[in-house]
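Report on the structure given below.
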2 protein chains.
Amino acid sequence: MKLMEQKHLALLEEAERRAVAPTDNLRACFELLALAGAIDRDCAARLAPHRLSEGKFVLLFLLHGQSEGLSPHELADRAGVTRATITGLLDGLERDGFIARRSGLEDRRKIAVVLTDLGRKTAHELFDEHAKWIAALFAGFGADERSTLNGFLQRIRRNLDTGPADTPRPETRT
Amino acid sequence: MKLMEQKHLALLEEAERRAVAPTDNLRACFELLALAGAIDRDCAARLAPHRLSEGKFVLLFLLHGQSEGLSPHELADRAGVTRATITGLLDGLERDGFIARRSGLEDRRKIAVVLTDLGRKTAHELFDEHAKWIAALFAGFGADERSTLNGFLQRIRRNLDTGPADTPRPETRT
DNA sequence: AACATATAGTATGGCACCTTATTATCGTCA
DNA sequence: TGACGATAATAAGGTGCCATACTATATGTT
């Protein structure tokens, strides 16, 4: 269990050598990023045995309960990725037998993506397990602690948003 | 500025519908992940104008000050990625004129990666800016607050490590 | 009806990361 | 000495993400 990522350790050492910035702040930031990275990796590791990635899992539970299916466009909107990315994920899900593509009836440009039995079964089984796993990460936290943590995160986010006025980020398209 | 990622919103809704896990916990986790994601994206956006990614930037400052250069193997160890990944990053850095590959003298399997003038200049300029940017994320935080936050993160990490005994993660190879 | 424009899905190519070969070189030990 | 296993770098192929460009279909305008 590494407390910090290798690259961040290196950066920290160099920053100490140069004394350009308060290293306590750097350390705090890297611990945050390391934890998030660890969560992501753990998530991926839990889904991998089912031949799923996080992105694919999201599509699965988005489709679950939609007996009519959803179009790739809708999936993209709800999952928060581009349509092109959806195409790739669907290719994998179709190959592995989780979903099927049905060509649309009224609008022939549209496609309806529907779960197969395997897809439905997998989505159903995994969702609860997944949600419980995530919730368990905050086991032992009281409401007050969660809200304190949240306050910290908000403040960091504010610093993130107001700070870099020099970088004209193209404002994630809607 | 989105507070939470689209996919997490969707997951949260479904979890509320099903009432399988305390959604406050889920929400807290997603806020954490969203912030980390936002930081990563911001980092990428700051480096992109220089034709650098975070991975490439790390290599650059690892090489900075190493007048003898480093081998891809050493770079991989210090950056915490595989040698194969390093090869790809070096290809890009070489193409863009930041580094040069020098074939080794004593051991002819080895290659010495050295910075070009452009590489040295870029590394030098960017490092301070980058470190200051990261430190600025924790502007306004006192030592006590940083340590409270850190305590929270450690607790989450402990939950992460102890929880999933069922997932036999292959224990990140050294 | 005809043309312009918008939309749906996908292909293509790029990036950063991975795992698993493959090739060249090194060091050792029989 | 020469064969063997370790090591260095890379190649090949896979994933998930992106942006851009293309095709087919739909729709609105005149």
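Everything quoted here is computed from the prediction, not taken from an experiment. Letters A, B, ... are given to chains in the order of the sequence lines, protein chains preceding strands, and every chain is numbered from 1.
For DNA chain C, no neighbouring residue in residues 59-68 of chain B is found when judged by any heavy atom under 4.0 Å.
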Before giving the answer on side chain to side chain contact (heavy atoms under 4.5 Å, CB included), spell out for A:D24 and B:F141 the whole-Å C-alpha distance, their side-chain angles and the decisive distance to 0.1 Å. CA-CA 10 Å; A:D24 285 343; B:F141 277 69; over 6 Å; no

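Ranking D:dT15, D:dA9, C:dA8 by closeness to the A:R95 side chain, first place goes to D:dT15. Distance from the side chain of B:R109 is smallest to C:dA24 among C:dA24, D:dA26, D:dA19. Comparing C:dA8, D:dA8, C:dA16 by their nearest atom to the side chain of B:K56 picks out C:dA16. Of the candidate nucleotides C:dC18, D:dT10, C:dC26, C:dC18 has the atom nearest to the side chain of B:T85.
Following rounding to the nearest Å, A:L89 (CG) and C:dA11 (P) show an atom-to-atom distance of 14 Å. Put simply, CZ on A:R108 is 15 Å from C1' on D:dT27, counting in whole angstrom units. Nucleotide D:dT15 holds its C1' atom 15 Å from the CG atom of A:D40, rounded to whole Å. For the pair A:R83 CZ and D:dA19 C1', the computed distance is 13 Å after rounding to whole Å. Computed from coordinates, the A:E74 CD to C:dA8 P distance equals 9 Å when rounded to whole Å. Between the CG atom of A:L47 and the P atom of D:dT15 there is a distance of 15 Å, given to the nearest Å. One interatomic measurement links the two molecules: CG of B:L75 to P of C:dC17, which rounds to 13 Å at whole-angstrom precision. Look at CD1 on B:I86: it is 8 Å from P on C:dC17, rounded to the nearest Å.
Using a 30° and 60° split on the angle between ring planes, B:H124 and B:H64 fall in the tilted class, from 30° to 60°.
Proximity of B:R101 to the phosphate of D:dA9: no side-chain N or O atom is located under 4.0 Å from OP1 or OP2. Remark: A:S53 is in phosphate contact with D:dG16, judged by side-chain N or O atoms under 4.0 Å from OP1 or OP2. Using a 4.0 Å cut-off, no side-chain N or O of B:T87 falls inside it from OP1 or OP2 of D:dA9.
Contact annotation: the side chain of B:F30 approaches that of A:I134 to within less than 4.5 Å [non-hydrogen atoms, C-beta and beyond]. With a 4.5 Å cut-off on side-chain heavy atoms, B:L60 and B:L126 do not count as touching. Side-chain contact check for A:F127 versus B:L11: some heavy-atom pair is nearer than 4.5 Å.
The residues B:E16 and B:R27 are annotated as salt-bridged, a charged nitrogen and a carboxylate oxygen being separated by less than 4.0 angstrom. Using a cutoff of 4.0 Å between basic side-chain nitrogens and carboxylate oxygens, B:D91 and B:R101 are scored as salt-bridged. For B:R17 and B:E14, the salt-bridge test passes: some basic side-chain N is under 4.0 Å from an acidic carboxylate O.
At a threshold of 4.0 angstrom between heavy atoms, the contacts of A:R102 with the nucleic acid are absent.
When each of A:G92 and A:D107 is assigned the nucleotide of DNA chain D bearing its nearest heavy atom, the one mapping closer to the 5' terminus is A:G92. Each of A:A84 and B:L90 lies near DNA chain D, and the nucleotide nearest B:L90 is the one positioned closer to the 5' end.
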